Structures are given as structure tokens and as C-alpha cells.
Amino acid sequence: MLEQLQAWLKPEPLEFVVDPTQPVVRFAQVDKSYANGVIGLKSLNLQVNMGEFLFITGHSGSGKSTLLKLIYGEEKPTAGEVWVLNTCLNSLKGDRLAKLRRRIGVVFQDYKLVEQRTVAENVAFVLMAQGYNRGEIQAKLTPVLDRVGLAAKADCFPAQLSGGEQQRVSIARAIVNSPPLLLADEPTGNLDLENAWLVVNIFKQLNATGMTVLITTHDQDLVEAAAHPAIALKAGCLVG
Ligand code: ADP
Ligand code: MG
């Protein structure tokens with residue numbers, strides 16, 4: 001109980017907080033071309049407000065992953081500005097970029113779990129790296145594993161889990177630090193319909209708690225069934 005309280009009282013970093021009067025993500029006339037001259041995004045303007053749940057659709061190669069990479073600072077724009085949590089990312093690097101990234105949860109199509117670590121260890125890893133103590137980590141871990149329905153599998157290794165379960169571990173890892181913004185790049189791409197829905201429903205529940213959620217997918221049926229707004233990319237341009 002004391003440990004739980006301590007975890008609770010740990011002050012939030014003052015940087016990169018959500019200002020409800022400002023967009024969580026803003027792209028202003030963003031171009032991204034890669035070193036080999038390939039165009040990833042072209043003249044992109046986009047605003048995502050707090051609490052939104054938005055799908056980004058488009059065929060393979062249309063720029064979906066590029067868009068997310070610009071939000072979590074994996075890539076920099078060639079022109080224009082990318083703003084996330086009231087911070088311009090264009091020249092953000094080092095410690096400040098690392099701090100901003102802690103405020104963004106990211107989920108990938110291929111889960112990216114560490115095979116030699118258990119479910120609990122995979123999820124706790126980012127907290128250990130940030131210097132949280134054992135009690136604080138446990139206090140964060142338990143509710144998050146419950147939320148993704150994997151409390152009973154905390155001591156399993158990734159290879160002992162189904163694809164859907166592995167993806168839910170990666171969601172737990174992405175949200176364990178309660179980020180205001182969650183990005184998911186084709187999170188259902190490797191899953192069957194039933195598991196895809198389990199994952200989408202977790203995103204819906206997280207969004208209902210106020211988290212802003214951005215999901216890329218090329219699966220139009222999923223977008224229609226999920227009944228959330230969607231934007232579409234084609235050859236790096238916004239087309240709808
Ligand atoms: P999507 O996620 O919609 O499939 P991407 O954003 O991955 O699309 O890619 C958009 C375009 O940028 C594609 O033509 C792709 O080949 C190219 N691209 C992506 N990453 C790189 C890179 N690191 N170097 C060169 N070209 C890239
Ligand atoms: Mg992609």
C-alpha cells in the first residue's frame with residue numbers, strides 16, 4: 001500500500017504534458033523524403049486533438065509508417081514542422097527526445113518482444129530503465145496486465161504465447177507508463193480476425209480513458225467495423 005502511494009505521488013515530468021486547448025499532434029506542410037530520394041510524405045497537414053481515436057489507412061508504401069515515425073521522432077521531416085505535445089520535433093534530440101518518447105506508447109506489427117524475458121519482464125523493462133523501484137514497478141504492472149487480460153501469463157516467455165497474446169504484451173509495455181498518446185503501426189497485421197478484434201477493443205477501452213490513439217492499417221473492413229474516424233494516404237499525400 002505504501003509502495004503504491006509512493007508510486008502515485010511520484011511527480012509527473014512537467015515537460016510534454018497534455019494541454020487540452022492544443023492539438024496533441026500537428027503536422028504543418030510536412031514533406032519527408034528519404035536519403036535515396038524516395039518520397040515518404042508530401043505537404044502533409046494534420047491535427048489530432050486530445051482524446052481522438054484515428055485510423056490512418058492506405059496501401060503498402062503510402063506513407064503510414066513514415067507518418068508515425070515522424071511523431072515518435074524516429075525520422076525527421078525534410079520540410080515543414082511536426083509538433084507533438086506542444087513541442088516542435090524538428091530539432092529535438094538526445095535527452096529531450098528520449099523524454100518525449102516516454103510520453104508516447106508505440107506498438108508494432110511484429111510485437112518486438114525480448115524472447116529471453118518473461119511477459120512481466122518485457123513490460124517492466126522500460127520502468128527499470130527509468131529507475132523505478134520494485135514496488136513501484138509492481139504497482140504499475142498488475143493493472144496493466146489485467147487490462148490486456150494477461151495477468152495469468154506474467155511468468156510465461158513470448159514463445160509460449162499466441163500471436164494475439166504477444167501483441168497484447170506489447171500493448172501492455174506501450175501503456176505501462178500511462179502515455180497520453182498511443183501509436184500503433186499495423187497492430188493487427190499478423191493477427192486473425194478474432195485476435196484483431198481483441199486488440200482493437202483494448203485500444204477502444206484505452207481511448208475511453210482519455211488516451212489519444214492513432215492506428216495505421218491497410219484493412220478497410222476493420223476500420224469500417226471499428227467505427228472511428230479515418231484518414232487515408234496515397235503516395236505520401238492525404239486523400240481523405
Ligand atoms: P507504409 O507504412 O504505408 O507501407 P512507409 O511509410 O513505410 O509506407 O513508406 C513510404 C515510402 O517511403 C515507400 O515508398 C517506402 O519504400 C519509402 N521508405 C520508407 N522507409 C524508407 C527508408 N528508410 N529509406 C528509403 N525509403 C523508405
Ligand atoms: Mg508501414
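Every number for a ligand or one of its atoms is a count from 1 in the order of the listing. Note that this is a predicted model, so its numbers are computed, not measured.
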Can you confirm, on distance only, whether ligand 1 has an N/O atom lying under 3.5 Å from any N/O atom belonging to [X]?
X	value
Glu75	no
Val38	no
Gly63	yes
Ser65	yes

Q: Output every pair passing salt bridge (charged side-chain N to carboxylate O under 4.0 Å, His left out) with a member in residues 218-236, not counting sequence neighbours, ordered by first then second residue.
A: none
Q | Under 3.5 Å side-chain donor-acceptor pair for Thr216 and Asp185 | A |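 Indeed, the side chains of Thr216 and Asp185 share at least one donor-acceptor pair under 3.5 Å.
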**Q.** Between Thr66 and Tyr34, a side-chain donor and acceptor under 3.5 Å
**A.** yes
Give the residue and atom name of whichever protein heavy atom lies nearest to [atom], and the separation in Å to one decimal.
atom	answer
atom 5 (P) of ligand 1	Thr66 OG1, 3.6 Å
atom 1 (P) of ligand 1	Gly61 N, 3.4 Å
atom 19 (C) of ligand 1	Tyr34 CE1, 3.3 Å
atom 3 (O) of ligand 1	Lys64 NZ, 2.8 Å

Q) Among the protein atoms near the Mg ion (ligand 2), how many are N, O or S and lie under 2.8 Å away? A)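 Atoms of protein N, O or S type lying less than 2.8 Å from the Mg ion (ligand 2) total 1.
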**Q.** Geometric cation-pi criterion Lys140 and Tyr132, 6.0 Å radius, 45° cone
**A.**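 Yes, Lys140 and Tyr132 form such a contact.
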(Q) Please check this pair: side chain of Asp31 against backbone of Ser43, looking for a donor-acceptor N/O pair closer than 3.5 Å. (A) yes
Do any side-chain atoms of residues 51-60 form donor-acceptor pairs under 3.5 angstrom with protein atoms, and if so which ones, sequence neighbours left out?
from	atom 1	to	atom 2	distance (Å)
Glu52	OE2	Asn49	N	2.8
Thr57	OG1	Ile231	O	3.2

Please tell me if the side chains of [X] and [Y] come closer than 4.5 Å, counting only heavy atoms from C-beta onward.
X	Y	answer
Gln109	Pro187	no
Leu181	Ile71	yes
Val119	Leu161	yes

Q) Is the closest heavy-atom distance from His59 to ligand 1 below 4.0 Å? A)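 Checking ligand 1 against His59, which is what was asked, there is a heavy-atom contact under 4.0 Å.
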Q: Run the contact test for Ser60 against ligand 1 with a 4.0 Å cut-off on heavy atoms, strictly below, and give the result.
A: yes
Q: Could you list all the ring-ring contact (aromatic ring centres under 6.0 Å, His included) pairs where at least one residue sits in residues 135-163, not counting sequence neighbours?
A: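 Residue pairs with at least one partner in residues 135-163: there are none.
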**Q.** Criterion side chain to side chain contact (heavy atoms under 4.5 Å, CB included) against Asn195, the qualifying member of Leu193, Val199, Leu191
**A.**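 Of all the options given, the one that passes is Leu191.
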Q: Report, in ascending order of atom number, the atoms of ligand 1 lying under 4.0 Å from any heavy atom of Asn36.
A: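 Answer for ligand 1: 25 (C), 26 (N).
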